[in-house]
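Input: a single structure, listed below in structure tokens.
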2 protein chains.
Amino acid sequence: MDAATTLKNHDLRVTKIRLAILEALGDGHQAKPYGELQAALGEFDRTTLYRTLLALIEKGLIHKALEENGESYYALCGGCTTHAHTHDHIHFKCNDCGTVECLHLSNEIGFSLPGVDIDSLEITAKGTCSACSA
Amino acid sequence: MDAATTLKNHDLRVTKIRLAILEALGDGHQAKPYGELQAALGEFDRTTLYRTLLALIEKGLIHKALEENGESYYALCGGCTTHAHTHDHIHFKCNDCGTVECLHLSNEIGFSLPGVDIDSLEITAKGTCSACSA
DNA sequence: TTATTTCTGCAACATTGTTGCAATTTGTTA
DNA sequence: TAACAAATTGCAACAATGTTGCAGAAATAA
């Protein structure tokens with residue numbers, strides 16, 4: 001399915017910047033920092049970039065993977081639908097190359113906290129990726 | 001052990017703002033957002049607040065618990081030493097009252113990712129705290 | 001008390017993120 | 001295809017977080 005069809009399926013008009021963002025986010029299991037997106041999409045206004053990211057998040061096409069040093073990282077969604085993001089997955093950041101990967105957990109992480117009701121879970125692991133440790 | 005002694009033990013001079021920050025962070029199992037700290041410490045310069053937070057982090061007295069909406073949350077450290085923060089603990093944020101609690105995990109969370117070397121782990125759970133669900 | 005080192009406050013700046021509004025573009029209907 | 005309504009874009013202005021350099025003030029050590 002191409003990007004234009006994906007946009008239409010999510011109730012979004014097909015515009016240049018939306019196609020460009022989806023292309024910039026690539027195959028979807030890497031999260032990109034805002035700064036990198038802005039650099040890659042320099043032809044567009046910064047405001048439009050922010051608003052477009054919000055629109056794509058709202059419609060369930062992308063999600064904010066993590067925030068670090070005041071910068072947000074964005075990634076394509078796997079199976080999120082509008083108003084029902086399911087993000088009980090892990091984000092792994094390599095301290096060497098800086099790559100942030102979105103990984104799905106094969107086995108459920110089971111734990112509970114006494115007295116509290118957990119809605120969502122975000123796990124950020126940091127270390128060295130396979131490419132950098134080789 | 002009082003705050004002044006704690007500072008000395010961590011190789012830090014005893015100054016007004018440092019005592020005030022330690023007091024503002026209270027008993028240590030709640031993380032406070034930067035904005036709240038700034039409001040509570042309004043008598044001090046913003047720059048000094050930032051630099052003091054950095055100094056306290058570097059010496060292992062406090063840690064940055066999480067970042068959300070471009071704002072950092074800070075909390076006292078339990079058993080961190082200079083250059084060796086151990087933060088494999090959970091942060092729980094209540095969506096109702098906004099409180100962020102630092103909780104220690106009783107049981108180790110065991111999981112591994114193929115090919116990668118994990119150094120640190122941050123877990124942020126969101127939901128409803130016991131006070132708000134009552 | 002003095003001297004040295006560290007810390008504080010000020011000014012200036014960079015970056016992320018937001019809001020209002022006018023102009024443009026998209027998708028739809030005739 | 002032309003025109004219309006609705007959504008999107010770009011611009012300007014703004015707010016907040018966070019950083020850096022430097023001079024003056026405060027904290028420790030002698």
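Just so we're on the same page: letters track the sequence lines, and every chain starts at 1.
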Closest non-hydrogen contact found for B:Glu67 with B:Ser72 is CG-OG, 3.6 Å
Tell me: CZ of A:Arg18 to P of C:dT25, nearest whole Å? 15 Å
Distance, rounded to the nearest Å, where B:Tyr34 contributes OH and D:dA16 contributes P: 11 Å
Distance in angstrom units between B:Leu7 CG and D:dA26 P, rounded: 18 Å
Any residue meeting side-chain contact (heavy atoms from CB on, under 4.5 Å) with B:Ser130, in chain and number order, not counting sequence neighbours: none
Quick one: on DNA chain D, does A:Thr48 or B:Gln38 contact a more 5' nucleotide (nearest heavy atom)? A:Thr48
Who pairs with B:Glu101 by salt bridge (charged side-chain N to carboxylate O under 4.0 Å, His left out), at least two apart in sequence or on another chain? none
Detail all sub-3.5 Å separations between protein N/O atoms and N/O atoms belonging to nucleotides 12-15 of chain D.
residue : atom : partner : partner atom : Å
D:dA12  : N6   : A:Thr47 : OG1          : 3.4

side-chain hydrogen bond (donor to acceptor under 3.5 Å, both in side chains): which pairs involve residues 39-55 of chain A, sequence neighbours left out? A:Asp45-A:Thr47
Measure the distance from CD1 on A:Ile21 to P on D:dT9 and round it to the nearest whole Å. 8 Å
side-chain contact (heavy atoms from CB on, under 4.5 Å) filter on B:Ala39, not counting sequence neighbours, yields none
Provide, to the nearest angstrom, the distance between the CD atom belonging to A:Glu68 and the P atom belonging to C:dG17. 13 Å
Does B:Lys93 have any side-chain contact (heavy atoms from CB on, under 4.5 Å) partners at least two apart in sequence or in another chain, and if so, which? B:Glu68, B:Tyr73, B:Val100, B:Lys126
Quantified as the angle between the terminal helix axes (five pairs each), what is the overall bend of the helix from C:dT1-D:dA30 to C:dA30-D:dT1 to 10 degrees? 30°
Using a cutoff of under 3.5 Å, can you pull out all pairs of nitrogen or oxygen atoms linking the protein to nucleotides 27-30 of chain D, with atom names and distances?
residue : atom : partner : partner atom : Å
D:dA27  : N3   : B:Arg13 : NH1          : 3.2
D:dT28  : OP1  : B:Val14 : N            : 2.9

Closest approach of B:Leu37 and B:Ala24, non-hydrogen atoms and distance? CD2-CB, 3.9 Å
C:dT6 P sits how many Å from B:Lys59 NZ, rounded? 10 Å
C:dG17 OP1/OP2 closer than 4.0 Å to side-chain N/O of A:Tyr50: yes
A:Leu19 CG to D:dT9 P, in whole Å, measures 10 Å
Sorted by chain and residue number, the side chain to side chain donor-acceptor pair (under 3.5 Å) partners of B:Tyr34 (sequence neighbours excluded) come out as B:Gln38
In chain order, what residues pass the salt bridge (charged side-chain N to carboxylate O under 4.0 Å, His left out) check against A:Asp11, with sequence neighbours excluded? A:Lys59
Mapping B:Leu49 and B:Asn69 onto DNA chain C by nearest heavy atom, which one lands closer to the 5' end? B:Leu49
Going through the checks in order, is the side-chain contact (heavy atoms from CB on, under 4.5 Å) test met by A:Thr128 and B:Val116? CA-CA 6 Å; A:Thr128 314; B:Val116 310; over 6 Å; no
State which residues pass side-chain contact (heavy atoms from CB on, under 4.5 Å) with A:Ala131; sequence neighbours excluded, sorted by chain then number. A:Cys129
Taking CD from B:Glu43 and P from C:dC10, how many angstroms apart are they, rounded to a whole number? 12 Å
Considering just the side-chain nitrogens and oxygens of A:Thr52, establish if one lies under 4.0 Å of OP1 or OP2 belonging to D:dT8. no
A:Asp2: which residues meet the side chain to side chain donor-acceptor pair (under 3.5 Å) condition with it, sequence neighbours left out? A:Thr5
